[in-house]
Amino acid sequence: MPRMRFRIILLGPPGSGKGTQAEKLNDDLGLIRLSTGDMLREAVRDKTELGIIAKEYMDKGALVPDDIVIGLMKEKITSLKEGFVLDGFPRTVQQADALSEFVDIDHVINLDVDDEELVGRMSNRRSCPECNVVYHLLYKPPMEDGLCDKCGSALYHRSDDSEETVRNRLKVYRESTFPLIEYYSKKSKLVNVDGKGDINQIYKSIEDAL
Ligand code: AP5
């Protein structure tokens with residue numbers, strides 16, 4: 001299948017597995033993975049102008065303002081010639097409207113997972129600061145304790161993965177991002193995938209939906 005048919009959005013609450021499945025789509029189909037969360041965390045680490053602004057919102061589990069994120073993503077997406085998977089964008093109706101003005105999306109996959117599972121996942125998540133691979137201490141542990149399988153960097157626990165911030169991220173998700181399920185459903189683009197269970201089985205369901 002031509003790769004340009006794979007312009008995909010992964011929707012879902014925090015911790016639903018967007019990053020995990022986007023990485024598999026990248027490994028398997030060679031799709032470019034664009035994660036707004038990873039881009040913003042990198043900007044925070046590098047203390048860029050964007051990072052200084054974004055940190056204030058991310059630390060509280062709030063969304064970074066639409067105009068900033070839209071500007072960032074427009075530049076990235078319009079420069080791509082190949083298929084891609086968007087992880088964490090769009091997150092508001094305003095972002096979705098803006099996206100539709102510069103690209104046509106082929107598939108929107110919504111990962112469905114309940115809140116209690118999400119909180120547990122994020123407290124056990126460990127992330128690689130270099131290549132952004134995510135692990136879970138129980139379900140997807142690294143081969144060597146504390147080190148990334150891909151690049152060997154020391155793994156870290158995200159500062160916004162504390163239970164209090166996670167609860168706020170879930171609230172923000174329900175208020176701002178959940179409406180996108182209906183938004184893309186009305187455009188006949190949405191496929192719901194059960195995001196609970198075996199990671200490879202979930203990937204198989206995504207493949208079947210494409
Ligand atoms: P972002 O980094 O996008 O965070 P998020 O959407 O809250 O999603 P996560 O990265 O927490 O989870 P995920 O769905 O990718 O799950 P993962 O695969 O890691 O955003 C962070 C912040 O940046 C936001 O709060 C906001 O401030 C800002 N931001 C980002 N985008 C923005 C935008 N568009 N507009 C405005 N602000 C924006 O999996 C989670 C854990 O579960 C891992 O440990 C994983 O190993 C494990 N896991 C995965 N699948 C399974 C499974 N099937 N079973 C068991 N464990 C599993």
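For ligands, and for the atoms within them, numbers begin at 1 and follow the listed sequence.
- In this structure, Pro65 has no heavy atom closer than 4.0 Å to ligand 1.
- Using a 4.0 Å heavy-atom cutoff, Arg41 is listed among the residues neighbouring ligand 1.
- Neither the backbone nor the side chain of Asp66 has any atom closer than 4.0 Å to an atom of ligand 1 (non-hydrogen atoms only).
- For atom 3 (O) of ligand 1, the nearest non-hydrogen atom of the protein is Arg91 NH1, 3.1 Å.
- Residue Phe89 has no N or O atom closer than 3.5 Å to an N or O atom of ligand 1.
- Using a 4.0 Å heavy-atom cutoff, Arg158 is listed among the residues neighbouring ligand 1.
- Under 4.0 angstrom from ligand 1, there are no non-hydrogen atoms of Tyr173.
- Here is the list of ligand 1 atoms found below 4.0 Å of a heavy atom in Gly88: 31 (N), 32 (C), 33 (C), 34 (N).
- Proximity of Leu40 to ligand 1, defined as any heavy-atom pair under 4.0 Å, is confined to the side chain (atoms from C-beta onward).
- Contact annotation for Ala54 and ligand 1: no heavy atom of the residue comes within less than 4.0 Å of the ligand.
- Note: an N/O pair closer than 3.5 Å links Ser16 and ligand 1 by distance alone.
- Partner Arg33 forms a side-chain hydrogen bond (donor to acceptor under 3.5 Å, both in side chains) with one of Asp27, Asn132, Asn26, Asp38 and no other, that one being Asp38.
- Ligand 1 has an N or O atom lying under 3.5 Å from an N or O atom of Arg169, backbone or side chain.
- Ligand 1 lies out of reach of Pro90, whose nearest heavy atom is not under 4.0 Å from it.
- By the 4.0 Å heavy-atom criterion, Gly197 is counted among the residues contacting ligand 1.
- By the 3.5 Å distance cut-off applied to N or O atoms, Thr20 is counted among the residues near ligand 1.
- Under a cut-off of 6.0 angstrom, the local environment of OH in Tyr156 is crowded, with over 12 non-hydrogen atoms contributed by other residues, nucleotides or ligands.
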